[in-house]
Amino acid sequence: MTIHLYNTLLREKQIFEPIDAGNVRMYVCGPTVYDYAHIGNARPVVCFDVLYRLLRHVYGESHVTYVRNITDIDDKIMAAAEKTGESIESITARTAGWYHDDMAALGALPPDREPRATEFVPQMVKLIEQLIAKGFAYEAEKHVLFNVPAMQDYGQLSKRSLDDMIAGARVDVAPYKKHPADFTLWKPSAENQVGWPSPWGRGRPGWHIECSAMSGEILGQVFDIHAGGIDLIFPHHENEIAQSRCAHGSAVMAKYWLHNGFVQVNGQKMSKSLGNFFTVHELLEEGFRGEAIRLALLSAHYRQPIDITREGIQDAKAQLDRFYRALAMVSDLAVEAAPTDHVLAAIADDLNTPLALSELHELVTKLNKATSQAEKKVAKAALLGGAKLLGILWQDPAKWLQSGGSADDAAVIEAQIAARLAARKAKNFAEADRIRDDLAARGILLEDSSSGTTWRRA
RNA sequence: GGCCCGGUGGCAGAGUGGCCAUGCAGAGGACUGCAAAUCCUCGUACGUCGGUUCGAUUCCGGCCCGGGCCUCCA
């Protein structure tokens with residue numbers, strides 16, 4: 001199976017060729033933990049989870065290393081700590097826990113390694129020392145800055161020239177910078193702020209250096225895939241590349257750079273600064289299922305912008321209902337899940353999840369139409385195989401269809417169904433329909449079939 | 001100002017130089033005591049103006065509209 005991925009570095013789709021097929025290495029920029037994750041934060045997690053699943057499928061589960069960091073030191077965290085008086089450790093432990101819970105609810109596999117910035121400060125210091133030694137960084141007023149003009153081909157990822165950046169500069173340039181584009185590697189901390197000792201005094205790392213340090217340490221100086229949101233192309237990823245390549249003297253940092261499009265609300269970017277976001281946590285609290293949120297996120301191609309709405313999640317839930325209804329009909333058939341070539345090819349073609357999903361729908365139709373056990377087994381195996389790559393349909397069908405909603409006890413519902421059955425046998429259809437309507441009013445839908453009556457929640 | 005994405009049927013959303021996406025919603029039919037579910041059938045979709053072509057939604061160019069990055073941001 002040939003995997004094609006759109007590489008931001010070249011702005012084109014490329015055949016994916018791992019550096020070492022025995023250990024395919026991917027790094028995804030993780031969250032800064034100071035608050036609940038919003039849907040926009042969840043998108044790269046879900047999209048690149050599909051990539052992780054694909055790579056594991058193609059190269060084998062033990063031949064892929066997925067690293068996703070946690071940024072647990074940052075000015076926003078410090079600001080939150082100062083505001084509430086809660087310690088940084090306490091804030092990051094709590095919010096990282098929320099993050100784990102929410103991403104698990106979305107069916108995202110945990111990464112193989114989840115390094116935290118605070119655990120890698122010595123490596124960051126070492127990297128900065130190397131950059132200074134090689135003339136790519138300089139110290140100024142207790143800061144250490146990356147010397148952008150020293151790098152010949154800076155700007156490859158974002159396709160920006162130094163001139164462009166000066167022309168478009170919207171920021172006040174700090175007086176100690178030699179060049180406006182120079183960025184911070186290390187900055188001083190005040191006495192009351194967290195800090196680490198360094199050759200340049202007590203301080204803390206700049207934003208970009210942690211990813212260079214952690215990816216270099218865990219995945220090596222050059223690895224396969226680096227991914228994140230489209231807004232990270234500049235400056236974050238551009239600067240990571242500058243740091244890592246200049247420190248290591250390597251031609252590339254990662255071979256393939258992948259970027260997911262934005263989650264939007266009414267056609268506008270969802271972001272904390274705009275205040276138009278909703279969190280995964282609050283959607284789960286409202287009763288939306290994590291799997292439905294996941295499917296909503298996967299219903300558009302990962303590089304396209306996507307408008308996430310409650311209606312959209314509801315639509316995704318309806319699709320899952322269709323899948324689970326079909327699976328519930330064949331729950332007694334044991335199969336070995338294996339994706340069809342079509343589904344696999346769709347996902348391998350730069351993660352075309354909407355196309356894969358449409359294939360899954362056709363498999364459901366096939367499954368519903370199947371008359372022989374053999375046909376049903378083939379369709380079920382294919383459906384589950386594709387679903388596994390997408391990270392959906394992992395639940396027990398009956399549980400999916402019957403859980404959630406009101407607190408009606410299953411035994412009570414079964415009793416009602418029995419009463420209705422008796423009424424039907426006695427041809428008392430008025431009573432039978434009354435029971436059915438009564439249940440429907442409570443969100444319980446009945447379905448009669450030759451094999452009996454089943455129920456599900458609306 | 002520089003760089004970069006989009007505009008597909010009522011909605012969501014793939015894709016393709018000539019024929020089917022798919023799901024939801026809608027119409028009709030089969031099945032059902034009636035429903036639900038399921039299956040079958042259906043709807044002159046590709047922003048706009050030109051160009052290339054036997055033929056363009058798909059390639060090229062202009063225009064209009066929307067969005068993003070250039071500052072923290074997934």
Side-chain angles (χ1 to χ4, degrees), chain A residues 8 11 28-32 37-48 74-76 79 155 158-161 163-173 181 183 207 227-236 238 259-264 266-274 277 295-296 298-309 311-312 314-323 325-326 328-329 346 349 352-365 367-369 401 424 427-430 432-433 436-437 440 445-450 453-456 458:
Chain A
T8 306
R11 308 280 158 118
V28 174
C29 286
T32 300
H38 62 67
I39 301 292
N41 301 125
R43 191 175 193 192
V45 174
V46 169
C47 291
F48 300 125
D74 167 273
D75 284 2
K76 283 193 287 281
S158 58
K159 303 264 188 281
R160 284 163 213 268
S161 70
D163 295 343
D164 291 343
M165 284 184 289
I166 297 166
R170 286 197 269 143
V171 221
D172 292 332
V173 178
F183 57 90
W207 175 32
I230 193 169
D231 53 338
L232 295 183
I233 293 173
F234 190 90
H236 186 54
E238 194 70 79
H259 294 94
N260 63 276
F262 280 125
V263 171
Q264 305 188 326
N266 297 323
Q268 271 210 317
K269 170 186 178 178
M270 173 185 284
S271 75
K272 289 225 162 121
S273 42
L274 290 173
F277 65 94
L295 188 60
L298 293 177
S299 64
H301 183 85
Y302 79 96
R303 283 192 281 115
Q304 293 296 108
I306 187 173
D307 237 297
I308 290 288
T309 61
E311 291 71 36
Q314 204 55 50
D315 183 82
K317 195 255 179 190
Q319 292 193 44
L320 289 169
D321 284 345
R322 179 170 191 261
F323 289 136
R325 270 198 298 267
M329 304 294 280
D349 182 14
N352 194 338
T353 54
L355 185 60
L357 192 58
S358 78
E359 300 281 352
L360 257 43
H361 276 292
E362 290 183 350
L363 287 170
V364 168
T365 303
L367 179 57
N368 284 332
K369 281 160 72 169
L401 294 169
R424 288 179 69 201
K427 302 272 185 202
N428 185 354
F429 294 121
D433 291 351
R436 186 172 63 197
D437 293 345
L445 305 181
L446 300 189
E447 288 169 8
D448 297 329
S449 76
S450 54
T453 299
T454 58
W455 64 275
R456 65 184 169 94

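Computation of the quantities below employed the complete heavy-atom set of this structure, encompassing side-chain atoms and omitting hydrogens, waters and symmetry-equivalent molecules. Sequence lines set the chain letters: A, B, ... in the order given, protein chains first and strands last, and positions in each chain run from 1.
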### Query
Can you say whether the rings of F48(A) and Y302(A) are parallel (under 30°), tilted (30 to 60°) or perpendicular (over 60°)?
perpendicular
### Pairwise distance NZ(K272(A)) to OG1(T32(A)) - rounded to 0.5 angstrom
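Those atoms lie 8.5 Å apart.
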Could you give the [atom1]-to-[atom2] distance, from [X] to [N], as a whole number of Å?
X	N	atom1	atom2	result
H301(A)	C5(B)	NE2	C1'	12 Å
K427(A)	C34(B)	NZ	C1'	12 Å
K269(A)	C69(B)	NZ	C1'	8 Å
K317(A)	C24(B)	NZ	C1'	14 Å
L232(A)	C69(B)	CG	C1'	11 Å
R456(A)	A35(B)	CZ	C1'	12 Å
F234(A)	C5(B)	CZ	P	17 Å
R303(A)	G13(B)	CZ	P	16 Å

By the 4.0 Å heavy-atom rule, please label [X] as base, sugar-phosphate, or nothing.
X	value
M270(A)	base
E359(A)	nothing
G312(A)	nothing
V263(A)	base
Q319(A)	sugar-phosphate

Span that lies between the [atom1] atom of [M] and that of [N], in whole angstrom:
N	M	atom1	answer
U52(B)	U44(B)	C1'	26 Å
C59(B)	A30(B)	C1'	46 Å
G6(B)	C46(B)	C1'	14 Å
G61(B)	A56(B)	C1'	15 Å

### Message
Let me spell it out: for each of Q268(A) and G30(A), pick the nucleotide of RNA chain B with the closest heavy atom. Which residue's pick is nearer the 5' end?
### Response
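Counting from the 5' end, the first nearest nucleotide belongs to Q268(A).
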### Message
Using heavy-atom distances to pick each residue's nearest nucleotide on RNA chain B, tell me which of P235(A) and R11(A) is more 5'.
### Response
R11(A)
Establish, with yes or no, whether the OP1 or OP2 oxygen of [N] is under 4.0 angstrom from a side-chain nitrogen or oxygen of [X].
X	N	value
K369(A)	C40(B)	yes
K272(A)	A74(B)	no
R322(A)	C39(B)	yes
N368(A)	C39(B)	yes

Side chain of [X], backbone of [Y]: donor and acceptor closer than 3.5 Å?
X	Y	result
E238(A)	S158(A)	yes
T8(A)	R11(A)	no
D349(A)	A346(A)	no

### Query
With distance as the sole criterion, is a donor-acceptor pair present between the side chains of T453(A) and D448(A) under 3.5 Å?
yes
### Message
Between R322(A) and T365(A), do the side chains contain a donor N or O and an acceptor N or O under 3.5 Å apart?
### Response
yes
### Message
Any donor-acceptor pair, under 3.5 Å, between the side chain of R436(A) and the base of A35(B), if you only look at N and O atoms?
### Response
yes
### Query
Under 3.5 Å, is there an N or O donor on one side and an acceptor on the other linking the side chain of D231(A) and the base of G68(B)?
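No, the side chain and the base share no sub-3.5 Å donor-acceptor pair.
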### Message
Ignoring hydrogens, what is the shortest heavy-atom contact between A316(A) and L295(A)? Give both atom names and the distance.
### Response
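That would be O-CD2, 3.5 Å.
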#### Entry: Pairing annotation in dot-bracket form, given for RNA chain B with Watson-Crick or G-U pairs under 3.5 Å and | for cross-strand partners
(((((((..(((.....[...))).(((((.......)))))....(((((..]....))))))))))))....
### Message
Tell me whether the NZ or CZ atom of R43(A) lies within the 45° cone about the ring axis of F262(A) and under 6.0 Å from its centre.
### Response
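No; the conditions do not both hold, so R43(A) does not lie above the ring face of F262(A).
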